[in-house]
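Have a look at the structure that comes next, please.
For the numbers below, each heavy atom of this structure counts, side chains included, while hydrogens, waters and symmetry mates do not. Below, chains carry the letters A, B, ... as their sequence lines are ordered, and counting in each starts from 1.
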Protein chains: 2
Amino acid sequence: MVRPGHWGVRARVERFSEPALLLLLRERPAHGYELLEALPPLTGEARVDMGNLYRVLRALEEDGLVTSRWEAGEPGPAKRTYELTTAGRRLLDEWAAALRRSRDHIDTFLDRFEGR
Amino acid sequence: MVRPGHWGVRARVERFSEPALLLLLRERPAHGYELLEALPPLTGEARVDMGNLYRVLRALEEDGLVTSRWEAGEPGPAKRTYELTTAGRRLLDEWAAALRRSRDHIDTFLDRFEGR
DNA sequence: TGCACCTATATGTAAAACACACATGAGATT
DNA sequence: AATCTCATGTGTGTTTTACATATAGGTGCA
């Protein structure tokens, strides 16, 4: 469960980088590396694992939540640019609703913690 | 990562049952089964896995965050009653702080989602 | 030219967290 | 004696996250 002596608590939301990706892509199309750098201020995480980030993007694409194309004609390494689909937008809405519920549970907890 | 077609989102807080346990034990000593029934309204989860609950309790005890004793003299199956230690109380405070940060990140996300 | 560095995309695998299934036993009810 | 609830646990598989490494184009510079 937890290794002894390591009770560092972070209280993170599971798969929070996923809605964060969708929100960034709703604002504008972007490629993976760009998203990687834009995520931390949105999630509050110091950094997001790049390996898993690319895996999530491809999983999202498999299910038609985003589409991608290789960006041609630009200098530097090839970039795969992602764009949000309408299905992806719906999923983002679901995430927002789930996050509101989650925040309410945290508030319930904190109210009780503070003795109210 | 996620099995295809299953993008059910719940946005749960990781290990949320742990601070919930600590909070319940701050209010009064209790045994596992009792805690199991008291958790759902506090965490918002429909139910908590009992197997993991007992494991968490014993892990907490190993690290001196709770203490336990077998309840004697009562009818019914033997009960192991847990009590919070001062170290456990400190950990609960850390959890509360982490949960406040987490809630703030969610708010940041939702504000941006709603376009503010 | 050689090498360090940044951008960019990816795979492999281990660890942590969570879910599902089952075992054991006391006591009450039918 | 069979079944139900209370109560405590173990075993094990799945999902999620973390850490490590691979590949490759392009830039700066000694």
So does A/Glu114 pair up with A/Arg112, basic N to acidic O under 4.0 Å? no
Between the side chain of B/Arg100 and the main-chain N/O of A/Leu110, is any donor-acceptor distance below 3.5 Å?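 Not a single qualifying donor-acceptor pair exists.
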Ignoring the backbone of A/Pro77, work out which of C/dT7, D/dT17, C/dT11 is nearest its side chain. C/dT7
Which nucleotide, D/dG11, C/dT9, D/dG9, lies nearest any side-chain atom of A/Met50? C/dT9
Between D/dA7 (P) and B/Tyr82 (OH): distance, integer Å: 14 Å
Look at B/Lys79 together with B/Glu34 and state whether they make a salt bridge at an N to O cut-off of under 4.0 Å.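 Not counted as a salt bridge, because no side-chain N and carboxylate O are separated by less than 4.0 Å.
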Tell me whether B/Arg103 forms a cation-pi arrangement with A/Phe109, defined as NZ or CZ under 6.0 Å from the six-membered ring centre and within 45 degrees of its axis.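 No, B/Arg103 does not sit over the ring of A/Phe109.
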Name the closest nucleotide to the B/Arg15 side chain, picking from C/dA8, D/dA7, C/dA17.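 Among C/dA8, D/dA7, C/dA17, the one nearest the side chain of B/Arg15 is C/dA17.
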So, does A/Arg58 get its side chain near the phosphate of C/dT11, meaning an N or O under 4.0 Å from OP1 or OP2?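 So the side-chain polar atoms of A/Arg58 do come within 4.0 Å of the phosphate oxygens OP1 or OP2 of C/dT11, strictly under.
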Per B/Arg10 side chain, nearest of listed nucleotides C/dA17, D/dA18, C/dA19: C/dA19
Between C1' on C/dC18 and CD on A/Glu14, what's the gap in Å once rounded to a whole number?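 From A/Glu14 CD to C/dC18 C1': 9 Å.
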Nucleotide C/dA10, atom C1' - distance to CG of A/Leu57 in whole Å: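 So the CG-C1' distance, A/Leu57 to C/dA10, works out to 12 Å.
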Give the rounded distance in Å between these two atoms: CG of B/Leu53 and C1' of D/dT8. 10 Å
Of all the choices, C/dA8, D/dT17, C/dG12, which nucleotide is nearest to the side chain of A/Tyr33 once you look at every atom? C/dA8
Among C/dT9, C/dA19, D/dG9, the one nearest B/Asp49 by side-chain distance: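 Looking only at side-chain atoms, B/Asp49 lies closest to C/dA19.
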Would B/Arg47 and B/Glu45 pass as an ion pair if we require N to O under 4.0 Å?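 Here B/Arg47 does not pair with B/Glu45 in a salt bridge, since their nearest N and O are not under 4.0 Å apart.
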Residue whose closest nucleotide on DNA chain D lies nearer the 5' end, A/Ala78 versus A/Ser17: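 Mapping each residue to its closest nucleotide by heavy atoms, the 5'-most match is A/Ser17.
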Less than 3.5 Å between a donor and an acceptor, one on the side chain of B/Arg80 and one on the base of D/dG9, is that the case here?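 Check fails, no donor-acceptor contact within cut-off.
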OP1 or OP2 of D/dA18 less than 4.0 angstrom from a side-chain nitrogen or oxygen of A/Arg12, does that happen here?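 The answer is yes; a side-chain N or O of A/Arg12 sits under 4.0 Å from OP1 or OP2.
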Quick one: B/Leu60 CG to D/dT8 P, roughly how many Å, whole number? 15 Å
Using a 4.5 Å cut-off on heavy atoms from C-beta on, say whether the side chain of B/Leu91 contacts that of B/Glu18.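 Of all side-chain heavy-atom pairs linking B/Leu91 with B/Glu18, at least one is under 4.5 Å.
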Atom CZ of B/Arg55 to atom C1' of C/dA21: distance rounded to whole Å?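 In whole Å, C/dA21 C1' and B/Arg55 CZ are 11 Å from each other.
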Given D/dA7, C/dA10, C/dA19, identify the nucleotide with an atom nearest to the side chain of B/Lys79. D/dA7
From CH2 of B/Trp70 over to P of D/dA7, roughly how many Å is that when rounded to an integer? 12 Å
Polar side-chain contact B/Asn52-C/dA19 base: donor and acceptor under 3.5 Å: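 Result: at least one qualifying N/O pair found.
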Out of C/dC18, D/dG9, C/dT9, whichever nucleotide has its closest atom nearest the side chain of A/Tyr54: C/dT9
Could you tell me the separation between the CD atom of A/Glu71 and the C1' atom of D/dG25, rounded to a whole number of Å? 16 Å
